[in-house]
Student: 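Would you mind keeping the following structure in view while I ask a few things?
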Amino acid sequence: MPADPFHHPALLYRSDREYAAATTAFVTEGLAAGDPVAVAVPGARLALIRDALGSAARDVLMLDMTEAGRNPGRIIPAVLHGFADAHPGRHVRIIGEPVWPGRTPAEYPACAQHEALINLAFAGRPATIMCPYDVEALGDEVARTHPVLRDASGERASAGYAPEQVVEGHNRPLDEPESCVSLRFDRGNLSAARALAADEAAARGIAGDRLDDIRLTVAELGANSLDHGGGSGLLRVWQADGRLVCEVSDSGHITDPLAGRRPVDPRQAGSRGLLIVNLLSDLVRIHTRPGATTVRAYFDLTT
């Protein structure tokens with residue numbers, strides 16, 4: 001059996017100097033090979049790489065991951081697939097850094113699941129996606145989400161590689177809110193669920209396009225409940241940690257680990273609700289099991 005053309009190393013670095021040296025070497029090797037190259041890292045790191053690359057930076061797609069990957073569930077469809085699919089049939093190189101200082105405890109499980117699911121999403125595709133991790137702030141899950149570990153001494157296989165365990169390990173019941181407003185809905189009152197979420201958002205200063213995003217998110221989650229979750233659901237809305245949280249639960253079960261993370265051709269018929277939710281939200285958390293699914297979409301509140 002031929003080797004998988006997909007390569008997914010974690011870059012373990014100890015200083016800005018190591019970070020800049022390893023990332024720029026990765027980029028310049030790709031450019032020399034004629035590979036399309038993208039760098040999606042937090043803004044300060046982006047500037048570090050751009051400065052180190054000099055004039056070669058103009059040949060690289062540069063993305064601030066704190067914006068493009070604000071929601072970890074958006075990274076695979078919008079960032080990684082978005083770049084790879086723009087270069088069909090070619091090997092691509094991408095640096096993707098989904099974890100940075102300031103990521104909250106609520107965001108980390110989504111980041112870990114994202115890293116694990118990259119392996120499934122890109123299996124068999126000609127791509128190398130390298131993910132930098134600061135050794136000083138390193139969690140033990142990096143060895144389970146990446147088949148290869150890379151540092152200043154070279155590459156080695158990860159003995160602890162177990163991405164499926166990471167995905168399922170973070171598929172846990174979500175903490176209960178202290179208080180919330182709620183509405184049970186079915187086909188007769190889904191519009192009331194959209195209106196409730198919009199009213200709660202507007203009361204907290206959300207307006208314009210972002211208010212439309214919340215209406216659409218609740219509409220898509222509600223439609224999923226009607227079509228795949230037993231024909232009804234429960235909407236709950238509350239504020240926590242500077243975010244508006246819109247949660248929809250029903251009696252469905254999401255069995256596809258990449259649900260909501262595959263780009264969908266707009267000409268193709270079928271459900272794309274979770275994809276839309278991932279693209280619009282600042283964070284999405286899901287707990288699913290036979291007979292019960294809960295999806296939470298978080299929207300940052302501006303102060």
Side-chain angles (χ1 to χ4, degrees), residues 38-50 61-85 94-118 121 129-134 137 139 141 145 167 170 174 197 200-201 204-218 220-221 237-248 258-264 272-286 295-303:
V39 174
V41 301
R45 294 296 190 188
L46 198 65
L48 189 68
I49 295 173
R50 184 183 286 113
L61 176 64
M62 297 279 193
L63 299 172
D64 186 340
M65 189 65 104
T66 64
E67 298 175 3
R70 183 74 184 94
N71 171 25
R74 188 190 306 156
I75 299 173
I76 289 175
V79 178
L80 305 183
H81 269 300
F83 185 71
D85 293 350
I94 305 171
I95 299 175
E97 189 169 2
V99 182
W100 57 81
R103 278 292 202 191
T104 67
E107 292 170 341
Y108 178 75
C111 292
Q113 288 180 318
H114 153 73
E115 287 280 55
L117 289 170
I118 290 176
I129 300 174
M130 185 174 73
C131 306
Y133 281 86
D134 184 344
E141 283 191 317
T145 56
V167 173
H170 288 294
L174 304 170
E200 292 295 312
R204 291 165 174 82
I206 297 176
D209 291 344
R210 204 58 178 143
L211 199 58
D212 291 337
D213 290 345
I214 291 170
R215 289 192 186 98
L216 181 54
T217 294
V218 172
E220 292 294 339
L221 290 176
V237 184
W238 67 94
Q239 179 178 337
D241 300 323
R243 285 170 163 160
L244 181 76
V245 187
C246 299
E247 174 193 276
V248 172
L258 288 175
R261 299 175 193 258
R262 291 189 180 91
V264 178
R272 53 182 60 86
L274 276 179
L275 175 61
I276 292 172
V277 172
N278 268 328
L279 296 177
L280 295 180
S281 306
D282 293 310
L283 174 66
V284 175
R285 296 287 308 278
I286 299 174
V295 182
R296 284 185 185 173
Y298 299 71
F299 298 88
D300 293 342
L301 298 172
T302 57
T303 56

Student: Atom OG1 of Thr217 and atom CD1 of Ile276: how far apart are they, to the nearest 0.5 Å?
Tutor: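 Output value for this atom pair is 8.5 Å.
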Student: Is there side-chain contact between Val39 and Leu61, with heavy atoms separated by less than 4.5 Å?
Tutor: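 With C-beta onward as the side chain, the pair stays apart.
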Student: When rounded to the nearest 0.5 angstrom, what is the spacing between CD1 in Ile75 and CD1 in Ile94?
Tutor: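 Between atom CD1 of Ile75 and atom CD1 of Ile94 there are 11.5 Å.
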Student: Asp213 side chain to Leu280 main-chain N or O, any donor-acceptor pair under 3.5 Å?
Tutor: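 No; zero donor-acceptor contacts below 3.5 Å.
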Student: For Phe299, check ring pair (Phe, Tyr, Trp, His ring centres under 6.0 Å) against everything at least two apart and list the hits.
Tutor: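 Expected list: none.
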Student: Just by distance, do the side chain of Arg261 and the backbone of Leu275 share a donor-acceptor pair under 3.5 Å?
Tutor: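 Looks like no, no N/O pair under 3.5 Å.
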Student: Are Glu247 and Tyr298 close enough, and set up right, to give a side-chain hydrogen bond (donor to acceptor under 3.5 Å, both in side chains), and what steps lead you there?
Tutor: CA-CA 9 Å; Glu247 174 193 276; Tyr298 299 71; over 6 Å; no
Student: Compare every heavy atom of His81 with every heavy atom of Pro263, then report the nearest pair and how far apart it is.
Tutor: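 Smallest heavy-atom distance, with atoms named: CG-CB, 3.4 Å.
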Student: Is there a donor-acceptor pair closer than 3.5 Å between any side-chain N or O of Asn71 and the backbone N or O of Val284?
Tutor: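 Side chain of Asn71 to backbone of Val284, a donor-acceptor pair under 3.5 Å: yes, one is there.
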Student: Find the distance between CD (Glu97) and CZ (Arg45) and round it off to the nearest 0.5 Å.
Tutor: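 Rounded to the nearest 0.5 Å, the CD-CZ separation comes to 6.5 Å.
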Student: For a quick test of reading the model, state the closest non-hydrogen atom pair linking Val99 to Cys111 and the distance between them.
Tutor: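 Of all heavy-atom pairs spanning Val99 and Cys111, the closest is CG2-CB, 3.8 Å.
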Student: Determine whether a donor-acceptor pair (N or O, by modelled atom type, separation under 3.5 Å) exists between the side chain of Thr104 and the backbone of Glu107.
Tutor: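 Present.
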Student: So, for Val167 and Gln113, which heavy atoms are closest and what is the spacing to 0.1 Å?
Tutor: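 Residues Val167 and Gln113, closest heavy atoms: O-NE2, 3.0 Å.
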Student: Under 4.0 Å between a side-chain nitrogen and a carboxylate oxygen: does that hold for Arg74 and Glu67?
Tutor: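 Between Glu67 and Arg74 there is no salt bridge, as every charged N stays at least 4.0 Å from the carboxylate O atoms.
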Student: Is it true that the side chains of Tyr133 and Glu115 contain a donor and an acceptor less than 3.5 Å apart?
Tutor: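 Their side chains do contain a donor-acceptor pair, which is all the 3.5 Å distance test asks for.
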Student: To the nearest 0.5 Å, what is the distance between CG on Leu221 and OG on Ser281?
Tutor: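 If we round to the nearest 0.5 Å, Leu221:CG and Ser281:OG are 7.5 Å apart.
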Student: Would you call Arg285 and Pro109 a side-chain contact if the rule is heavy atoms closer than 4.5 Å?
Tutor: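 SC-SC contact between Arg285 and Pro109 confirmed.
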Student: Does some side-chain heavy atom of Val245 sit less than 4.5 Å from a side-chain heavy atom of Val237?
Tutor: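 With C-beta onward as the side chain, the pair stays apart.
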Student: On a heavy-atom basis, which atom in Leu63 and which in Val79 lie closest, and how many Å separate them?
Tutor: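 Where Leu63 meets Val79 most closely, the heavy atoms are CD1-CG1, 4.0 Å.
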Student: So which heavy atom on Ala78 is nearest to which on Leu279, and how close?
Tutor: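 Answer, listing the atom of Ala78 first, then Leu279: CB-CD2, 3.9 Å.
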Student: Specify the closest pair of heavy atoms between Ile95 and Val41, including all atoms of both residues, with the distance to one decimal.
Tutor: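 What the structure gives for the nearest pair is CG2-CG1, 3.8 Å.
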Student: Measuring from atom CD1 of Ile118 to atom CG of Leu80, what distance do you get when rounded to the nearest 0.5 angstrom?
Tutor: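 Spacing of CD1 (Ile118) from CG (Leu80) equals 5.0 Å.
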Student: Just wondering, are more than 12 heavy atoms of other shown residues or ligands nearer than 6.0 Å to CG in Asp85?
Tutor: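 Yes, enclosed.
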Student: Can you find a heavy atom in the side chain of Leu46 that is under 4.5 Å from one in the side chain of Met65?
Tutor: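 No; the side chains remain at least 4.5 Å from each other.
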Student: Any heavy-atom pair between the side chains of Arg243 and Leu283 that's under 4.5 Å?
Tutor: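 With C-beta onward as the side chain, the pair touches.
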Student: Identify, with sequence neighbours excluded, every residue that meets salt bridge (charged side-chain N to carboxylate O under 4.0 Å, His left out) alongside Asp282.
Tutor: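 Here the qualifying residues are Arg210.
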Student: In Å and rounded to the nearest 0.5 Å, what is the CG to CD1 distance from Leu117 to Ile76?
Tutor: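 The CG atom of Leu117 sits 5.5 Å away from the CD1 atom of Ile76.
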Student: Just to verify, what does Glu220 make a salt bridge (charged side-chain N to carboxylate O under 4.0 Å, His left out) with, not counting sequence neighbours?
Tutor: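 Glu220 satisfies salt bridge (charged side-chain N to carboxylate O under 4.0 Å, His left out) with no other residue.
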